[in-house]
Amino acid sequence: MQLKRTVYMGELRASDVGKEVIVSGWVLRRRDHGGVIFLDLRDRTGLLQVVFEEGIDPEVHKIADTIRNEYVISVKGKIRRRPPGMENPKIPTGEIELEADEVEILNTSKTPPFALDEDLSEVSEALRLKYRYLEMRAPGGLEPFIFRHKVVHTIREFLNSQGFLDVETPFLTKSTPEGARDFLVPSRLYPGKFYALPQSPQLFKQILMVAGVDKYYQIVKCFRDEDLRADRQPEFTQLDMEMSFVDEEDIMSLVEGLMAKVFENCLDIKLELPFKRLTYEDAMKHYGTDRPDLRFGMELKEVTPLVDGTSFKVFRSAVEKGGVVKGLCAPKQFSRKELDELTGFAQELGAKGLAWIKYSPEGEFEKRWSSPIVKFFEKWVLEKLEELFELKKPCTLFFVADSEEVANSVLSELRNKLGKELGLIKDGFEFVWIVDFPLFEWDEEEERLVSVHHPFTHPKEEDIELLETEPLKVKSRAYDLVLNGVEIGGGSIRIHRKELQERIFKLLKITPEEAEEKFGFFLTALEYGAPPHGGIAFGLDRLIMLMLGKKSIREVITFPKTQRGQCLLTGAPAEVKIEQILELHLLPGWEKEKKKES
RNA sequence: GGGGCUGUAGUUCAGCACGGUUAGAACGCCGGCCUGUCACGCCGGAGGUCGCGGGUUCAAGUCCCGUCAGCCCCGCCA
């Protein structure tokens, strides 16, 4: 390599006119006019027009004639002002150009499978993932990753300044029960035994508290062998934090400070502090979900007391079975076709149907209501509805009559769908803490209590006495952080005393033997002066996705997996040689066969 | 495990409901011309196992069955 870069192209301006420079980069486009060839050359920082004139040096011009898109070249020359009228206001370096007097082709390139100078979102994602390096190299392709770098940098800077230690924990570790499916790694040295990749460093960070680390964080990969979604990858990055001698308020206010710093540094947005808080109960009541999108209203209202005496059988029987009738009011009068579609949507989500009432505030009271079911309701009920939903404009009321669970989940999905489709969602970032979660929920299939968060979550002090008698009434010292309807983080104050931890295990039907076998090491650690502690973990990919307004975390992960868990770039997962499998003792029978043979 | 959408030149798509010439377009690519373009222009050219397999038919890109792959969703994700 003879021509060694002296400047980045993106930094060059009219003030650099006259300077002798060497630039290196990739050819985005070439415009060959015979005697003059223009190349748009780019590096990480920007784009510069390079001019090769036959009259200046025929030999150099000749080389330029062979250069094609995506060739890697270095060019030496002088920065000059473009002739009057030839400026390109569309690019930052548009006032100037590089007059080439030397060029070196550092590497050729095949014609890329897709044009790098066009809108890559039009290209199929599968192709982009296979040639991810080309997508990233295209103009703007590195932006999400540069942004991500900035976010991570800000997080580290902030937490370091607050006295946190960045401490690593192992990837080859022990399977933890009560969670997602583990990725297992067979042990070569111990036939039949396996490591598990961590679903989170949960137990390690708690043990770090026992170790006196006091304030810990780690930006760390976690692994869960579950099916993928737009916002879920089998390996993802978590911002993991834990602190000793703190309570919920300490952690929440620290996180608020952190988020404020991140949004200020990276998006130049000042967040309003403190964040809103909703109890789990209120979130379920008003939004039907524990991760409500607060960028718009359209809250759910329960109308059970208004309709339990109605002659409308669907509502009455749902109430008689112990269910509820809940509804929401959408600010639009839907057509019959749209109503049918929405009913189908509700049914797919498990509702038996979707009742609707169109309302318009004009004219006589009775004529304001239009619906096949309105005849079942007495005037006082309609009056109450008008009052409850504060009906003032034309709209449609939707109701689901079912168990509370079904009504909530259907209506919350309906709310999100209508919010999106009716354009009710305002721009911006709405954070909300969800607090006062129940500690347990009942698992019908397994017929036992399971943890809402994880088994190391501390119950509220005042509820501890209810643990054995009314466990479902026990609330936890847990908190989730929700941003625009997406859960971006969750944490809790942990149990730090062995006795309480054992009581919880007992309620979860984890036997002492099981507990000992699965995390005896952790219980032992608790016995050696574990301080009170708590923490939180954030899905970093999701946070960055939301900050950039992307629809999928794949957009902010360099080499993500497809929905079926494949890496299209490398072809992973892939078959391995039989020798590797035998070496890992994964086919014990075959191993014996092989020994017999030899 | 289930539901939905998609798969045709290198790329993005049209053609498919109603089977029937040699499967088209744009961009890209290759060659030629061009000293001021910046989505350069002009002339010419190449490029297709219609995802794959099977079936129906005189005839299948088009209809049927299966299968693979990509995306979205449910289940699952403490």
Side-chain angles (χ1 to χ4, degrees), chain A residues 28-41 47-56 58 61 65 68-70 82-91 93-94 97 99 110-131 134 176-182 199-200 202-203 222-234 236 344-345 347-350 409-410 413 416-417 437 439-441 443 445-446 449-457 476 478 480 487 490 492 504 508 510 537 539 551-552 554 561-566 568:
Chain A
L28 182 65
R29 272 182 296 254
R30 65 186 211 113
R31 293 176 294 280
D32 182 354
H33 288 248
V36 59
I37 296 170
F38 300 97
L39 296 183
D40 286 344
L41 195 65
L47 186 84
L48 181 67
Q49 172 165 283
V50 182
V51 193
F52 296 84
E53 291 185 44
E54 203 169 12
I56 290 178
H61 178 270
D65 198 39
R68 293 293 180 274
N69 284 356
E70 295 313 306
R82 294 191 184 192
M86 297 301 154
E87 298 87 359
N88 183 353
K90 285 186 235 165
I91 55 173
T93 61
E97 62 190 10
E99 177 190 321
K110 291 171 79 172
T111 301
F114 45 84
L116 299 198
D117 61 342
E118 279 167 19
D119 182 8
L120 293 196
S121 66
E122 299 290 312
V123 178
S124 88
E125 194 185 358
L127 195 68
R128 285 186 283 130
L129 288 182
K130 185 174 173 188
Y131 297 97
L134 293 179
T176 50
E178 292 272 320
R181 193 178 291 118
D182 285 312
Q199 297 178 25
S200 96
Q202 183 62 34
L203 295 180
C222 301
F223 306 87
R224 294 177 189 177
D225 188 6
E226 298 293 347
D227 285 357
L228 295 87
R229 287 286 189 285
D231 63 353
R232 262 165 37 192
Q233 287 269 308
F236 61 100
F345 174 79
Q347 284 169 334
E348 275 168 36
L349 292 169
S409 72
V410 171
E413 291 300 324
N416 285 336
K417 181 185 168 76
F437 282 89
L439 187 65
F440 303 115
E441 60 192 353
D443 187 309
E445 253 175 57
E446 295 189 45
L449 295 171
V450 293
S451 297
V452 168
H453 278 83
H454 55 60
F456 316 107
T457 306
S476 70
D480 276 2
E487 184 199 321
S492 62
I504 300 291
L508 293 170
I510 299 173
K551 290 206 170 64
S552 158
R554 293 188 299 272
K561 311 274 185 290
T562 66
Q563 175 140 62
R564 296 281 300 272
Q566 284 195 58
L568 295 180

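Hydrogens, waters and symmetry mates play no part in the numbers below; they use all other heavy atoms, side chains included. What you see is a predicted model; the values in this text were computed from it and never measured. In what follows, chains are A, B, ... by sequence order, proteins preceding strands, each numbered from 1.
- Regarding contacts with the backbone of B/G70, every side-chain N or O of A/K130 stays at 4.0 angstrom or more from both OP1 and OP2.
- The side-chain contact (heavy atoms from CB on, under 4.5 Å) check on A/N416 picks up A/D293, A/F296, with sequence neighbours excluded.
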### Query
What string of B, S and - do you get for nucleotides 29-34 of chain B 5' to 3' if you count protein non-hydrogen atoms under 4.0 Å?
SSS--B
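- In terms of the salt bridge (Lys or Arg N to Asp or Glu O under 4.0 Å) criterion, residue partners of A/E226 (sequence neighbours excluded) are, by chain and number, A/R181.
- Residue contacts shown for A/G55 include a base, since a base heavy atom lies under 4.0 Å away.
- If you check every strand for non-hydrogen atoms under 4.0 Å, A/Q233 touches nothing.
- Base pairing analysis places B/C34 opposite nothing; no Watson-Crick or G-U wobble pair with both distances below 3.5 Å involves it.
- Residues satisfying the ring pair (Phe, Tyr, Trp, His ring centres under 6.0 Å) test with A/F437, not counting sequence neighbours, are A/Y280, A/H453.
- Contact annotation for A/E413: no contact, since no heavy-atom pair falls under 4.0 Å across all strands.
- Between A/R232 and A/D227 there is no salt bridge, since no side-chain nitrogen of the basic residue lies less than 4.0 Å from a carboxylate oxygen of the acidic one.
- Closest to the A/M86 side chain, of the nucleotides B/C38, B/C72, B/G70, is B/C38.
- The side chain of A/E54 sits closest to B/U35 out of B/G36, B/U35, B/G75.
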### Message
Each nucleotide in nucleotides 4-13 of chain B should get exactly one letter: B, S or -. Can you fill that in based on protein heavy atoms under 4.0 Å?
### Response
------SSS-
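- Counting only residues at least two apart or on different chains, the salt bridge (Lys or Arg N to Asp or Glu O under 4.0 Å) pairs with a member in residues 112-121 of chain A are A/R29-A/D117.
- Under the Watson-Crick or G-U wobble criterion, with both distances below 3.5 Å, B/C58 is paired with B/G20.
- Across all strands shown, B/C65 is found opposite B/G53 as a Watson-Crick or G-U wobble partner, with both distances under 3.5 Å.
- No engagement by A/E348 is indicated, since no non-hydrogen atom pair under 4.0 Å with the nucleic acid exists.
- Comparing B/C65 with B/G4, their P atoms sit 13 Å apart, to the nearest whole Å.
- Applying the 4.0 Å criterion to OP1 and OP2 of B/G36, one finds that A/R31 has every side-chain N and O outside that range.
- Remark: A/R68 engages no residue in a side chain to side chain donor-acceptor pair (under 3.5 Å) (not counting sequence neighbours).
- For A/E97 against B/G36, a side-chain-to-base donor-acceptor contact under 3.5 Å is present.
- In terms of the side chain to side chain donor-acceptor pair (under 3.5 Å) criterion, residue partners of A/E70 (sequence neighbours excluded) are, by chain and number, A/R42, A/R137.
- For A/T111, the side-chain contact (heavy atoms from CB on, under 4.5 Å) test picks out no residue, with sequence neighbours left out.
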